[in-house]
Amino acid sequence: MSSTTIAIGAHVDQTDPLAEARERGAPLVQMFLGDPQGYAGPEVAYAGGAEGLRADAEAAGVDLYVHAPYIVNVATTNNRIRIPSRKLLQKHVDAAAEIGAKGLIVHGGHVNKADDPETGFDNWRKAVEATDLKLPLLIENTAGGDNAMTRYLERIGRVWDAISSAEGADMVGFCLDTCHAHAGGNDLTTVVQDVLAITGRIDLVHANDSRDEFDSGADRHTNFGQGRIDPDLLAQVVRDAGAPVVCETPGPAEAHVADFAWLRERL
């Protein structure tokens, strides 16, 4: 995919994602389905319901991506979190498939301080096997926490090793977040090659500048050129990955349009 043909969109409000896409001139959008902090399960806020959203998105030529709730943590050893997380993940897989989404993005999760990380890797394998993956499940790298499953490349490698033997592993992809990679302490000059060596694929890029320093562990997105990531390096990651891009930067449509232009200029 040449840099000029990389599709760039944004994370938008879920009420009318297609109106949000039009406002930004974006060929793709990402959204939540329901509460990102709750176990209540997915809801389609779009007036036409799931079927209407699917049909209208197809007619408009807009690709939809769904971000799973932040609270999903299938790696944890805590049954009271892991079991509801798995159920919630399946519900979001089903709902995302119903609206014709191209992928469901989920954070890598973490184990508790006293836990053996191996348990977390194996819990990922079990989660993949237990989930009926009707669309690509895109595991995202995260910014903080020493016990995180996908902050460090070595850990991402262990997750991939674990899930590679699972039934449904071919439906698991990767979402690379530039802010998370920077704040998580991963070298952006080589991160695309490093991730591809581990996963064999990058399905989506979350392009975000970072408010905080390299290896800070802080997950704070900011608009392009206003953060701590070298502009050329940020653009290089997007270019090298060659995958569709979702900007999860702050602000209304105008801010996103400005971010798109900033990025396009450097691609």
Side-chain angles (χ1 to χ4, degrees), residues 30 32-43 65-96 103-169 171-177 179-181 183-186 195 198-199 203-204 206 215-221 248:
Q30 173 186 284
F32 293 113
L33 290 177
D35 179 3
Q37 304 287 2
Y39 285 106
E43 285 172 45
Y65 287 85
V66 176
H67 200 304
Y70 297 130
I71 52 166
V72 169
N73 182 4
V74 299
T76 183
T77 56
N78 183 338
N79 287 345
R80 282 179 295 185
I81 295 173
R82 189 179 72 258
I83 293 165
S85 288
R86 271 206 215 163
K87 288 178 179 166
L88 193 58
L89 184 63
Q90 182 66 68
K91 285 178 183 171
H92 274 78
V93 164
D94 296 347
L104 175 69
I105 298 97
V106 63
H107 285 181
H110 57 273
V111 292
N112 296 322
K113 207 171 182 178
D115 291 333
D116 180 354
E118 293 299 328
T119 317
F121 305 140
D122 198 48
N123 281 342
W124 255 113
R125 178 189 62 78
K126 290 175 180 171
V128 170
E129 287 192 337
T131 309
D132 177 13
L133 293 175
K134 300 168 180 170
L135 81 170
L137 180 68
L138 310 181
I139 301 177
E140 180 182 350
N141 61 306
T142 53
D146 293 337
N147 310 301
M149 293 287 99
T150 57
R151 172 178 179 174
Y152 301 109
L153 291 162
E154 184 266 336
R155 289 275 175 92
I156 295 170
R158 301 305 297 280
V159 170
W160 244 256
D161 287 347
I163 64 177
S164 62
S165 64
E167 195 180 333
M171 291 294 281
V172 179
F174 195 79
C175 172
L176 175 62
D177 187 304
C179 168
H180 297 177
N186 298 288
V195 167
I198 293 165
T199 65
D203 300 76
L204 189 68
H206 281 171
D215 208 16
S216 61
D219 181 3
R220 291 288 178 271
H221 302 179
E248 297 176 316

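Interatomic distance, CD1 of I105 versus CD1 of I139, reported as 12.0 Å (0.5 Å rounding). Within the model, atoms CG of L88 and CD1 of I83 stand 13.5 Å from one another, a figure rounded to the nearest 0.5 Å. Atom CD1 of residue I156 and atom CD of residue E140 lie 10.5 Å apart, to the nearest 0.5 angstrom. In this structure, CD in E167 is found 10.0 Å from CG in D132, a value given to the nearest 0.5 Å.
Contact record, M149 with A75: CG-CB, 3.5 Å, taken as the closest heavy-atom pair. Nearest approach of A183 to A218, heavy atoms of both residues: CB-O, 3.1 Å. Across every non-hydrogen atom of A148 and R151, the tightest pair is CB-CB, 3.9 Å. Residues A181 and L176 share a closest heavy-atom pair of CB-CD1, 4.4 Å. Considering all non-hydrogen atoms of both residues, G184 and Y152 come closest at O-CE2, 3.5 Å. The two residues I198 and G157 have their closest heavy-atom pair at CG2-CA, 3.5 Å.
Crowding of E43 atom CD: a count of heavy atoms from other residues, nucleotides or ligands under 6.0 Å not exceeding 12. More than 12 heavy atoms of other shown residues, nucleotides or ligands fall within 6.0 angstrom of atom NZ in K134. Atom CZ of R86 has more than 12 neighbouring heavy atoms from other residues, nucleotides or ligands inside a 6.0 Å radius.
When side chains are defined from C-beta on, D177 counts as touching H221, because their heavy atoms get closer than 4.5 Å. Side-chain contact between L137 and V106 is present, with heavy atoms from C-beta onward closer than 4.5 Å. Inter-residue side-chain proximity for T150 and H107 is flagged as unmet; no heavy-atom pair is nearer than 4.5 Å. For the pair F121 and D161, the minimum side-chain heavy-atom distance is 4.5 Å or more. Between T76 and S85, the closest side-chain pair of non-hydrogen atoms is not below 4.5 Å. Between H110 and T142, the closest side-chain pair of non-hydrogen atoms is not below 4.5 Å. Contact annotation: the side chain of M171 never approaches that of T131 to less than 4.5 Å [non-hydrogen atoms, C-beta and beyond].
A salt bridge is defined here as a Lys NZ or Arg NE, NH1 or NH2 lying under 4.0 Å from an Asp or Glu carboxylate O, and R125 with D122 meets this definition. Classification of R155 and D146 as a salt-bridged pair fails, no side-chain N sitting under 4.0 Å from a carboxylate O.
Distance alone, capped at 3.5 Å, is enough to place a donor-acceptor pair between the D203 side chain and the F174 backbone. Judged by distance alone, the side chain of W124 and the main-chain N or O of G109 form no donor-acceptor pair under 3.5 Å. Between the R82 side chain and the V74 main chain, no donor and acceptor come within less than 3.5 Å of each other.
Taking the six-membered ring for Trp, H92 and H67 have ring centres at least 6.0 Å apart.
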Side chains of residues 111-118: which donor-acceptor partners sit under 3.5 Å, not counting sequence neighbours?
unit_1	atom_1	unit_2	atom_2	d
D115	OD1	T77	OG1	3.4
D115	OD2	T77	OG1	2.6
D115	OD2	N112	N	3.0
D116	OD1	E118	N	2.9
E118	OE1	R158	NH2	3.0
E118	OE2	R158	NH1	3.2
E118	OE2	R158	NH2	2.5

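Between L104 and the options L33, L89, L138, a side chain to side chain contact (heavy atoms under 4.5 Å, CB included) holds for only L89.
Scored by the ring pair (Phe, Tyr, Trp, His ring centres under 6.0 Å) test, Y65 finds no partners at all (sequence neighbours excluded).
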